[in-house]
Number of protein chains: 2
Amino acid sequence: MAMSGKPSETVIRAWARLLRAQRLALADVEAALKKAGLPPLIWYDALLEIERAGENGVRPFELERAMLLAQYNLSRLLDRIEHEGYIEREAARDDGRGRIVRMTEKGRAMRRKMWPVYARAIETVIGRSLTSEQVAALDGALGSLIEGLTR
Amino acid sequence: MAMSGKPSETVIRAWARLLRAQRLALADVEAALKKAGLPPLIWYDALLEIERAGENGVRPFELERAMLLAQYNLSRLLDRIEHEGYIEREAARDDGRGRIVRMTEKGRAMRRKMWPVYARAIETVIGRSLTSEQVAALDGALGSLIEGLTR
DNA sequence: TGTATATAGATGCATATGCATTGACATGCG
DNA sequence: CGCATGTCAATGCATATGCATCTATATACA
């Protein structure tokens, strides 16, 4: 598997491109959402995770891990989303320290509204410039990368 | 080349992984720099670009494009870097609106000091989990992606 | 030439993020 | 049980980023 010692030119270039591609792509997607008058991307991620949790809701610390967010950032993100009425927080019954986050109907509606715009932006950003073989290669390599970073 | 309409499952997964891989990798690299008591990654990028410009220096608007930074963010980044004495700014002789950014010796020293830490972090993050074939595939796919996003 | 428009860069103000700490409860262990 | 230690979540304060605007100069063109 791995290489060792100092990074090869290809590794360095791949690194630089990872940063650059993500920045460019993310900027386009965020711009599409903003242009449509919708909340930022991270709200979508949060709403999706929370909606998936269903009736039982999710604990913030679970969201924190799923979304790779720092605890204080998640706490404040939830403040903002709750303030717009898309979620509700209540005390966890089985853990006096904890909270339960649940979707509201308004939140479900917003997530549904965001998806088409988001999906179109993803397709524009990824699908437009890559063949399906390239997408598969990218997906595979990123999968390995994530696996390596998560372990 | 491209696909059309709604994004396929693979496109969506590749998108999600692009975000996730970049976040994980970047967090590791930033942590390595911080642990070594060094400035954040973006300072390295700036110092490298400015050093490359040599004696003649660079105009901020050129850096802005090279680094994909918003104008006001670059302006303030340069404030901070200048405040540490790593660069100098002066009025551009041939354009009364403009400035010239130049490296100081202290700045060169800092960039040199950062590189080994940064390089080791890149190697750890990319090289550790991917074979050189996978790195090449990733690099190639990201290259196409960037090309598509830049055009 | 004179006036409109565009570009370079800085900055006030609002929002978001990072860091450190706190308050509240849970868990482990003598 | 009683205390030390760990975990969950929120928050005060500092720093960074986004947005809108401003100043100054350059460029285009009537």
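Since the model is a prediction, treat every value here as computed from it, not as a measurement. These numbers come from the heavy atoms of this one structure, side chains and all, not from hydrogens, waters or symmetry mates. Below, chains carry the letters A, B, ... as their sequence lines are ordered, and counting in each starts from 1.
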Got a list of protein N/O to nucleotides 20-25 of chain D N/O distances below 3.5 Å?
{"unit_1": "D:dT25", "atom_1": "O3'", "unit_2": "B:Gly96", "atom_2": "N", "d": "3.4"}

Sorted by number, the residues of residues 76-84 of chain A with heavy-atom contact under 4.0 Å to DNA chain C: A:Arg76, A:Arg80

Taking the side chain from B:Thr104 and the backbone from B:Gly85, do they hold a donor-acceptor pair closer than 3.5 Å? yes

When you measure from the side chain of A:Arg111 to the backbone of A:Glu51, do you find a donor-acceptor pair of N or O atoms at a distance under 3.5 Å?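 It does not hold such a pair.
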
My understanding is that only residues two or more places apart in sequence, or in another chain, count here; which of them pass salt bridge (charged side-chain N to carboxylate O under 4.0 Å, His left out) with A:Glu105?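 Residues passing salt bridge (charged side-chain N to carboxylate O under 4.0 Å, His left out) with A:Glu105: A:Arg108, A:Arg112.
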
Who are the salt bridge (charged side-chain N to carboxylate O under 4.0 Å, His left out) partners of A:Arg120, not counting sequence neighbours?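 Salt bridge (charged side-chain N to carboxylate O under 4.0 Å, His left out) list for A:Arg120, sorted by chain: empty.
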
Examine B:Ile100 and B:Leu47 and state if one hydrophobic cluster contains both, with Ile, Leu, Val, Met, Phe, Trp and Tyr joined whenever side-chain heavy atoms are less than 4.5 Å apart. no

Mind checking what makes side-chain contact (heavy atoms from CB on, under 4.5 Å) contact with A:Arg52, not counting sequence neighbours?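 Per chain and number, A:Arg52 pairs via side-chain contact (heavy atoms from CB on, under 4.5 Å) with A:Leu48, A:Glu49.
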
Contacts to DNA chain D from residues 21-38 of chain B, heavy-atom cutoff under 4.0 Å, which residues? none

Does anything in residues 52-62 of chain A come within less than 4.0 Å of DNA chain D? Heavy atoms only, and list the residues if so.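 By residue number: A:Arg59, A:Pro60, A:Phe61.
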
Going by salt bridge (charged side-chain N to carboxylate O under 4.0 Å, His left out), name the pairs with one or both residues in residues 15-34 of chain A, residues two or more places apart or in two chains. A:Arg17-B:Asp139

Filter on salt bridge (charged side-chain N to carboxylate O under 4.0 Å, His left out), then keep only pairs touching residues 78-88 of chain A, sequence neighbours left out; what's left? A:Asp79-A:Arg89, A:Glu82-A:Arg89

Start and end of chain B contact along DNA chain C [non-hydrogen atoms, under 4.0 Å]: C:dT7 to C:dC19

Could you walk me through whether B:Met114 and B:Leu33 pass side-chain contact (heavy atoms from CB on, under 4.5 Å), step by step? CA-CA 8 Å; B:Met114 290 178 82; B:Leu33 289 168; 4.2 Å; yes

Select base, sugar-phosphate, or nothing to describe what B:Arg93 touches, counting heavy atoms under 4.0 Å on all strands.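 Nothing: the residue B:Arg93, judged by heavy atoms under 4.0 Å, touches no strand.
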
Pair up each side-chain donor or acceptor in residues 54-67 of chain B with any protein partner under 3.5 Å, not counting sequence neighbours, and list the distances.
{"unit_1": "B:Arg59", "atom_1": "NE", "unit_2": "B:Arg99", "atom_2": "O", "d": "3.1"}
{"unit_1": "B:Arg59", "atom_1": "NH2", "unit_2": "B:Asp95", "atom_2": "OD2", "d": "3.3"}
{"unit_1": "B:Glu62", "atom_1": "OE1", "unit_2": "B:Arg59", "atom_2": "N", "d": "2.9"}

Can you name the residues that form a side chain to side chain donor-acceptor pair (under 3.5 Å) with B:Tyr118, not counting sequence neighbours?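 Counting only residues at least two positions away or on another chain, B:Tyr118 forms a side chain to side chain donor-acceptor pair (under 3.5 Å) with A:Trp15.
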
Length of the line joining A:Leu74:CG and D:dA9:C1', which is rounded to integer Å: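 These atoms are roughly 9 Å apart.
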
